[in-house]
Amino acid sequence: MKYCFYLHDSNKTNVACEYPNKCPICNNGITPDNISNYFNQQQQIVYIFFYCPSCGKCFISNYNFTGSDEIINNYTWHQISLINSYPTIPSQIDFESYIKDLSPTFCDIYNQANSAEVYGLNQIAGMGYRKALEFLIKDYCIYKHPDKAEKIKSQLLGQVINDYVAGDKIKALSKVSAWIGNDETHYIRKFENKDITDLKRFITATVAFITYDLTSDEADELIS
């Protein structure tokens, strides 16, 4: 839905735009209230000060003033396009209780990496996801082999996966996740066609397999 208003500039320009449908602070879907606006003519950017009815806080959205005109209700309105909104507060990823109990450090590091990605720090985010993966795999292997805990902690991740991850599918997921994650920490990439999105996708699948295995262990306990 397009909203139309008078821009507070010297010409009182008629502008039309899409309001943000999500608050960058509380991350809830909203229809914000337009409190005020400002046009930076030199930068050709419109700043709109919004109020979020969900969390009761305010945020600013930037709009690119460069656009075309559109006829709405027989009036000519200048279209402006949303660039971004801030401040941005990344939403926390809530992992299942199995994963939180197994590896709370993984959950913490993963959310920190996600925050870095939201803030545009992609070079750091990839390293964070790789570190989170290592904690997840090692904590899982320690859970499965508690007598080997100290050895697992000191070994390289690849060796841990080879020695202690059972099951072809989860071993393959863990191994590929580690390979893609290593590309985020090394100077030369081995997988040029893979990036953070692929790394997150493989980690998500690894988490799903581990959750399935832990759930199966719980079922076995109930049966016994």
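The structure displayed is predicted, hence computed values, not measured ones. Position 1 is the first residue of the sequence, and the numbers go up from there.
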Participant: Counting neighbours of CD on Glu96 that are heavy atoms of other residues, nucleotides or ligands and sit closer than 6.0 Å, is the number greater than 12?
Facilitator: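 Counting neighbours around CD of Glu96, 12 or fewer heavy atoms of other residues, nucleotides or ligands fall under 6.0 Å, so no.
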Participant: Just wondering, do Thr211 and Thr215 contact through their side chains at under 4.5 Å, heavy atoms?
Facilitator: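 Heavy-atom side-chain distance check passes, below 4.5 Å.
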Participant: Among Asp139, Asp163, Asp217, exactly one meets salt bridge (Lys or Arg N to Asp or Glu O under 4.0 Å) together with Lys144. Which residue is that?
Facilitator: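 Only one option passes, and that is Asp217.
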Participant: Can you name the residues that form a ring pair (Phe, Tyr, Trp, His ring centres under 6.0 Å) with Phe59, not counting sequence neighbours?
Facilitator: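 Here the qualifying residues are Phe50.
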Participant: Atom OH in Tyr212, atom NZ in Lys169: separation rounded to 0.5 Å?
Facilitator: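 These two atoms lie 11.5 Å from each other.
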Participant: Going by side-chain contact (heavy atoms from CB on, under 4.5 Å), name the residues that satisfy it together with Ser81, two or more places apart in sequence or in a different chain.
Facilitator: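 Here the qualifying residues are Asn64.
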Participant: Which pair of heavy atoms, one from Ser177 and one from Leu199, lies closest together, and at what distance?
Facilitator: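 Ser177 and Leu199 have their closest heavy atoms at O-CD1, 3.3 Å.
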Participant: Taking all heavy atoms of His78 and all of Asp69, pick out the closest pair and write down the distance.
Facilitator: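 It is ND1-OD1, 3.0 Å.
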Participant: Indicate yes or no for a side-chain donor-acceptor contact from Lys175 to the backbone of Ile161 under 3.5 Å, with no hydrogens or angles considered.
Facilitator: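 Absent.
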Participant: A quick test of your reading: do over 12 heavy atoms of other residues, nucleotides or ligands sit less than 6.0 Å from CG of Asn21?
Facilitator: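 Incorrect, the count does not exceed 12.
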Participant: For the hydrophobic clusters of this structure (ILVMFWY residues joined by side-chain heavy atoms under 4.5 Å, transitively), does one cluster hold both Ile48 and Tyr3?
Facilitator: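 They do share one cluster, since a chain of ILVMFWY contacts under 4.5 Å joins Ile48 to Tyr3.
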Participant: For residues Tyr38 and Ser36, determine if any side-chain heavy atom of one lies less than 4.5 Å from a side-chain heavy atom of the other.
Facilitator: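 Sidechains of Ser36 and Tyr38: no contact.
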Participant: Ile196 and Gly126: which non-hydrogen atoms are nearest, and at how many Å?
Facilitator: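 It is CD1-N, 3.7 Å.
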Participant: Whether the side chain of Asp108 engages the backbone of Pro104 through a donor-acceptor N/O pair (distance < 3.5 Å, no angle test) should be reported.
Facilitator: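 No.
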Participant: With heavy-atom distances below 4.5 Å as the criterion, would you say the side chains of Leu214 and Tyr143 are in contact?
Facilitator: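 Yes, their side chains come closer than 4.5 Å.
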Participant: Does Val176 belong to the same Ile/Leu/Val/Met/Phe/Trp/Tyr cluster as Val207, with side-chain heavy atoms less than 4.5 Å apart forming each link?
Facilitator: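 Yes, same cluster.
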Participant: Using the side-chain contact (heavy atoms from CB on, under 4.5 Å) criterion, which residues pair with Glu218? Sequence neighbours excluded.
Facilitator: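 Glu218 satisfies side-chain contact (heavy atoms from CB on, under 4.5 Å) with Tyr98 once adjacent residues are dropped.
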Participant: With sequence neighbours excluded, what pairs up with Glu192 under the salt bridge (charged side-chain N to carboxylate O under 4.0 Å, His left out) test?
Facilitator: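 By the salt bridge (charged side-chain N to carboxylate O under 4.0 Å, His left out) rule, Glu192 matches no residue at all.
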Participant: Who are the salt bridge (charged side-chain N to carboxylate O under 4.0 Å, His left out) partners of Asp94, not counting sequence neighbours?
Facilitator: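 In terms of salt bridge (charged side-chain N to carboxylate O under 4.0 Å, His left out), with neighbours along the sequence ignored, Asp94 is linked to Lys100.
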Participant: Rounded to the nearest 0.5 Å, what separation is found between the CD1 atom of Ile142 and the CG atom of Asp147?
Facilitator: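 Rounded to the nearest 0.5 Å, the CD1-CG separation comes to 11.0 Å.
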Participant: Applying the 4.5 Å side-chain criterion to the ILVMFWY set and letting contacts propagate, would Phe49 and Tyr47 be lumped into a single cluster?
Facilitator: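 Both belong to a single hydrophobic cluster.
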Participant: First locate atom CD1 of Ile45, then atom CD1 of Ile80, and finally report the distance between them rounded to the nearest 0.5 Å.
Facilitator: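 Spacing of CD1 (Ile45) from CD1 (Ile80) equals 11.0 Å.
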Participant: In Å and rounded to the nearest 0.5 Å, what is the CD1 to OG1 distance from Ile71 to Thr76?
Facilitator: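 Output value for this atom pair is 3.0 Å.
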Participant: Sequence neighbours left out, what pairs pass side-chain hydrogen bond (donor to acceptor under 3.5 Å, both in side chains) with at least one residue falling in residues 50-60?
Facilitator: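 Residue pairs passing side-chain hydrogen bond (donor to acceptor under 3.5 Å, both in side chains), neighbours aside: Asn28-Ser54.
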Participant: Ignoring hydrogens and geometry, is there a side-chain-to-backbone donor-acceptor pair from Asn27 to Ile89 under 3.5 Å?
Facilitator: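 Yes, Asn27 side chain to Ile89 backbone: donor-acceptor pair under 3.5 Å.
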Participant: Could you name each residue pair satisfying salt bridge (Lys or Arg N to Asp or Glu O under 4.0 Å) that touches residues 30-49, not counting sequence neighbours?
Facilitator: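 Applying salt bridge (Lys or Arg N to Asp or Glu O under 4.0 Å) to every pair that reaches into residues 30-49, excluding sequence neighbours, yields nothing.
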Participant: Any side-chain heavy atom of Cys58 sitting closer than 4.5 Å to one from Cys52?
Facilitator: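 No, side chains not in contact.
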Participant: Under a 4.5 Å cut-off applied to non-hydrogen side-chain atoms, are Asn84 and Ser61 in contact?
Facilitator: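 Side-chain contact under 4.5 Å: no.
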Participant: Check the pair Asn114 / Val118 against side-chain contact (heavy atoms from CB on, under 4.5 Å), numbers first and verdict last.
Facilitator: CA-CA 6 Å; Asn114 176 67; Val118 170; 4.3 Å; yes
Participant: Using the rule given for side-chain contact (heavy atoms from CB on, under 4.5 Å), can you reason through Leu82 versus Cys17, listing the C-alpha separation, both sets of side-chain angles and the distance that settles it, and then say yes or no?
Facilitator: CA-CA 8 Å; Leu82 179 65; Cys17 68; over 6 Å; no
Participant: Please report the closest heavy-atom contact between Asn111 and Ser91, naming both atoms and the distance.
Facilitator: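 In terms of heavy atoms, the two residues are closest at OD1-O, 4.3 Å.
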Participant: Below 4.5 Å, heavy atoms only, C-beta onward: do Phe65 and Gln41 meet side chain to side chain?
Facilitator: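 A side-chain contact under 4.5 Å is absent here.
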Participant: Scan for ring-ring contact (aromatic ring centres under 6.0 Å, His included) pairs involving residues 153-210, sequence neighbours excluded, and state none if there are none.
Facilitator: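 Listed by first then second residue: His145-Tyr164.
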Participant: Using the test ring pair (Phe, Tyr, Trp, His ring centres under 6.0 Å), find all partners of Tyr140 that sit at least two apart in sequence or belong to another chain.
Facilitator: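 In terms of ring pair (Phe, Tyr, Trp, His ring centres under 6.0 Å), with neighbours along the sequence ignored, Tyr140 is linked to no residue.
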Participant: Do you know which two heavy atoms are closest between Cys55 and Cys26, and how far apart they sit?
Facilitator: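 The pair with the smallest heavy-atom distance is CB-CB, 3.7 Å.
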Participant: Please enumerate all residues that pass salt bridge (charged side-chain N to carboxylate O under 4.0 Å, His left out) together with Lys138, with sequence neighbours excluded.
Facilitator: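 Salt bridge (charged side-chain N to carboxylate O under 4.0 Å, His left out) list for Lys138, sorted by chain: Glu134.
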Participant: Using the salt bridge (Lys or Arg N to Asp or Glu O under 4.0 Å) definition, which of the options Arg189, Lys131, Lys190 pairs with Glu184?
Facilitator: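 The option that passes is Arg189.
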Participant: Determine whether Ile93 and Leu133 fall in the same hydrophobic cluster, where Ile, Leu, Val, Met, Phe, Trp and Tyr are linked whenever their side-chain heavy atoms lie under 4.5 Å apart.
Facilitator: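 Yes, because Ile93 and Leu133 connect within a single hydrophobic cluster, where side-chain heavy atoms sit under 4.5 Å apart.
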Participant: State the CG-OG distance between Leu136 and Ser103, to the nearest 0.5 angstrom.
Facilitator: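 Taking CG in Leu136 and OG in Ser103, the distance rounds to 5.5 Å.
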Participant: Quick one, Arg130 and Asn182 - any side-chain contact, counting heavy atoms below 4.5 Å?
Facilitator: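 Sidechains of Asn182 and Arg130: in contact.
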Participant: Salt bridge (Lys or Arg N to Asp or Glu O under 4.0 Å): which pairs involve residues 194-208, sequence neighbours left out?
Facilitator: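 The answer is Glu117-Lys200, Asp198-Arg201.
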Participant: Return yes when atom NZ of Lys151 has more than 12 non-hydrogen atoms of other residues, nucleotides or ligands closer than 6.0 Å, and no otherwise.
Facilitator: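 No, because the 6.0 Å sphere around NZ of Lys151 holds 12 heavy atoms or fewer from other groups.
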Participant: Does a side-chain heavy-atom distance below 4.5 Å link Val165 with Ile137?
Facilitator: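 The answer is yes; the side chains approach within 4.5 Å.
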Participant: Restricting to pairs with a member in residues 102-127, which pass ring-ring contact (aromatic ring centres under 6.0 Å, His included), not counting sequence neighbours?
Facilitator: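 Found Phe95-Phe106, Phe95-Tyr110, Phe106-Tyr110, Tyr110-Tyr129.
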Participant: If two hydrophobic side chains count as joined below 4.5 Å and joins carry through other members, does Ile35 share a cluster with Tyr86?
Facilitator: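 Ile35 clusters together with Tyr86.
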Participant: Indicate the atoms forming the closest heavy-atom contact of Ser174 with Ile170, along with that distance.
Facilitator: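 In this case the closest contact between Ser174 and Ile170 is OG-O, 2.7 Å.
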Participant: Tell me if the CG atom of Asp168 is crowded by more than 12 foreign heavy atoms within 6.0 Å.
Facilitator: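 No, because the 6.0 Å sphere around CG of Asp168 holds 12 heavy atoms or fewer from other groups.
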